[in-house]
Protein chains: 2
Amino acid sequence: MVRISVDVMGGDFGPKVAIPGAAKALERHPDIRFVLFGNAAECEPLLAQHPKLKAASTFHHCDVAVAMDEKPSQALRRGRGKSSMWQAIDAVAKNEADVAVSAGNTGALMAMSKFCLRMMANIERPAIAGIWPTLKGESIVLDIGATIGADANQLFDFALMGGAMARALFGIDKPTLGLLNVGVEEIKGQEEVKAAGQLIREANFDTIDYYGFVEGDDIGRGTVDVVVTEGFAGNIALKAAEGTARQIAEYLRAAMSRTWMAKLGYILAKSAFDRVREKMDPRKVNGGVFLGLNGIVIKSHGGTDAEGFAAAVDVGYDMARNGLKDKIERDLQKYHAGRPVEGAAQGMSDEV
Amino acid sequence: MVRISVDVMGGDFGPKVAIPGAAKALERHPDIRFVLFGNAAECEPLLAQHPKLKAASTFHHCDVAVAMDEKPSQALRRGRGKSSMWQAIDAVAKNEADVAVSAGNTGALMAMSKFCLRMMANIERPAIAGIWPTLKGESIVLDIGATIGADANQLFDFALMGGAMARALFGIDKPTLGLLNVGVEEIKGQEEVKAAGQLIREANFDTIDYYGFVEGDDIGRGTVDVVVTEGFAGNIALKAAEGTARQIAEYLRAAMSRTWMAKLGYILAKSAFDRVREKMDPRKVNGGVFLGLNGIVIKSHGGTDAEGFAAAVDVGYDMARNGLKDKIERDLQKYHAGRPVEGAAQGMSDEV
């Protein structure tokens with residue numbers, strides 16, 4: 001059994017997406033038990049439409065829902081203790097759930113997660129790990145936007161946690177891992193990245209196959225299972241890739257509707273187009289994993305549909321089922337011991 | 001007349017691409033006069049095949065060619081004064097050419113350019129500006145990899161130079177300009193980026209319509225004419241976008257050859273596919289512009305073909321014809337005066 005708490009009110013569509021999404025995930029994983037947090041008046045009619053989900057869930061009414069545009073500090077003030085987001089995370093803190101899932105606003109979710117769950121011992125900063133579709137399958141990229149900048153030790157921690165996540169998600173013993181860098185000759189790379197590469201090499205992980213530096217185009221190529229970078233570059237890489245995918249889809253759509261022949265060709269090749277669309281479907285790789293906290297929190301895209309939300313629940317399920325937290329803790333004990341720990345568990349005061 | 005010096009030996013294919021490329025550009029712009037630098041034995045037979053180009057060129061034999069994998073410091077030692085790359089740049093320094101074009105290695109080209117041409121007064125750091133295809137046409141993105149990191153003043157300079165380049169390239173009086181940032185709530189953006197936004201707003205350019213922050217997916221959307229960022233994030237954004245475009249092309253190729261129907265559909269829609277391919281064709285937007293130097297240098301992709309090389313020459317032609325340097329100097333005088341200049345023209349010693 002995997003216990004998953006859900007902030008049903010999060011996201012652009014709240015219960016309308018979260019409830020059918022959870023129901024879909026339950027069909028795939030009948031051993032999930034849900035702990036749902038949301039507004040009873042809004043949720044109950046929807047839950048009534050999904051009797052299997054209802055039977056597998058406990059529901060808790062919450063008066064407050066964090067808004068999508070609320071600032072983290074404001075969300076904390078208004079939603080602390082009371083909001084569906086807070087309570088979903090708190091269920092993990094109280095060991096009433098193994099993982100929390102929310103489509104709510106990222107800033108508030110991260111702030112509350114840090115507050116409720118606290119940083120893992122010896123980890124200074126959280127990271128958000130995303131799953132990126134590649135030519136070889138999928139890769140993990142972190143940090144895609146938890147914090148800006150990272151020193152060598154923090155990048156080392158990201159590598160350790162990203163490696164553990166790859167083992168939990170892909171079921172491989174020794175995932176390959178690369179540090180994102182620029183390959184242009186005259187700039188021999190960021191100092192922090194070079195130093196992090198040194199630390200990772202010296203640690204000689206039995207759980208990570210360190211590849212070295214990778215460049216932006218190596219991500220989509222699937223050169224490594226895990227790509228490590230700091231949050232500014234990671235977020236920009238992700239958004240640039242998403243923007244390019246949308247751009248090409250738009251070009252294709254326009255081109256295919258221009259002539260009679262192209263339209264006919266499109267109809268004949270529709271299954272092929274669908275195949276490509278499915279490969280690039282952002283819903284299929286939905287679910288950013290918050291790493292570095294004493295508990296697993298999954299962030300779903302705010303604007304996704306039930307299919308996408310179900311994918312985020314799936315990620316949470318895999319992370320809990322395959323012991324992500326234990327894997328990180330094992331590596332932390334084994335590989336972190338040797339290196340001096342500065343400012344660990346400094347909490348969130350300087351971040352929000 | 002526009003005088004263009006060419007490092008004929010640069011790039012993966014040297015004269016085999018540069019000479020037919022220059023010939024193509026000459027067809028489009030008969031007022032170009034070329035100054036060609038290369039190995040006579042290799043170049044002369046090729047030049048003989050392009051009599052029009054030969055008639056419009058002066059050719060200078062050079063013993064040394066900078067290798068594609070040479071380190072900048074090594075290239076400087078070996079190629080200073082003698083190499084085709086050095087001489088092509090030096091022709092601009094001596095006012096024997098208006099712009100230099102090379103497909104040689106970026107690091108060496110930047111190092112030699114800084115050495116030969118020196119930084120413009122009041123500009124601390126060079127930038128490489130790339131042309132990015134967007135849903136609305138084209139945008140300029142800088143820096144895509146000249147240097148790592150940039151403080152607020154340097155980002156301000158990039159904005160000033162990028163704005164001038166947009167006026168020269170797109171022929172618009174007041175291009176829109178955005179600073180690349182991350183929009184995730186909990187991280188309110190990089191400090192340097194915020195400070196640069198403040199500086200740009202306060203300068204109140206009559207030549208730039210400052211939009212504010214943009215995110216990675218705004219680049220392909222064409223939200224602004226000019227996107228300003230530091231070289232690490234810029235390079236990673238560029239490579240991530242290129243990787244995604246290649247990835248989708250690969251998916252499409254595989255999907256379209258899977259079934260009989262898809263193959264037929266592909267044939268019928270071929271003109272539409274060609275249209276999309278052309279829109280995303282990296283050869284069409286070839287030509288990174290080195291900004292911040294006392295002279296214009298254009299970097300062509302090393303692996304491009306004659307069409308791509310001709311596009312790089314076209315960019316150089318536009319930059320010279322439309323007075324890029326004058327435009328930058330005008331804005332520097334008008335908008336830079338008010339702000340204290342630190343470490344200006346510090347040269348290259350700390351970079352190479």
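To find a chain, count down the sequence lines: A is the first, B the second, and so on, and within it residues start at 1.
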Pairs of heavy atoms under 4.5 Å with chain B: top-ranked of A:Leu109, A:Leu252, A:Ile219 = A:Leu252
Most heavy-atom pairs under 4.5 Å with chain B, out of A:Pro133, A:Gly243, A:Gly265, belong to A:Gly265
By side chain to side chain contact (heavy atoms under 4.5 Å, CB included) - contacts of B:Lys136 (at least two apart) = B:Thr134
Thinking salt bridges, do B:Glu191 and B:Lys194 make one under a 4.0 Å N-O criterion?
-> yes
Chain A interface, residue from B:Trp260, B:Phe273, B:Tyr266 that has the most non-hydrogen pairs under 4.5 Å | B:Phe273
Would a 4.5 Å heavy-atom cut-off, applied to side chains only, mark B:Leu180 and B:Val214 as touching?
-> yes
CZ of A:Arg277: more than 12 outside heavy atoms within 6.0 angstrom?
-> yes
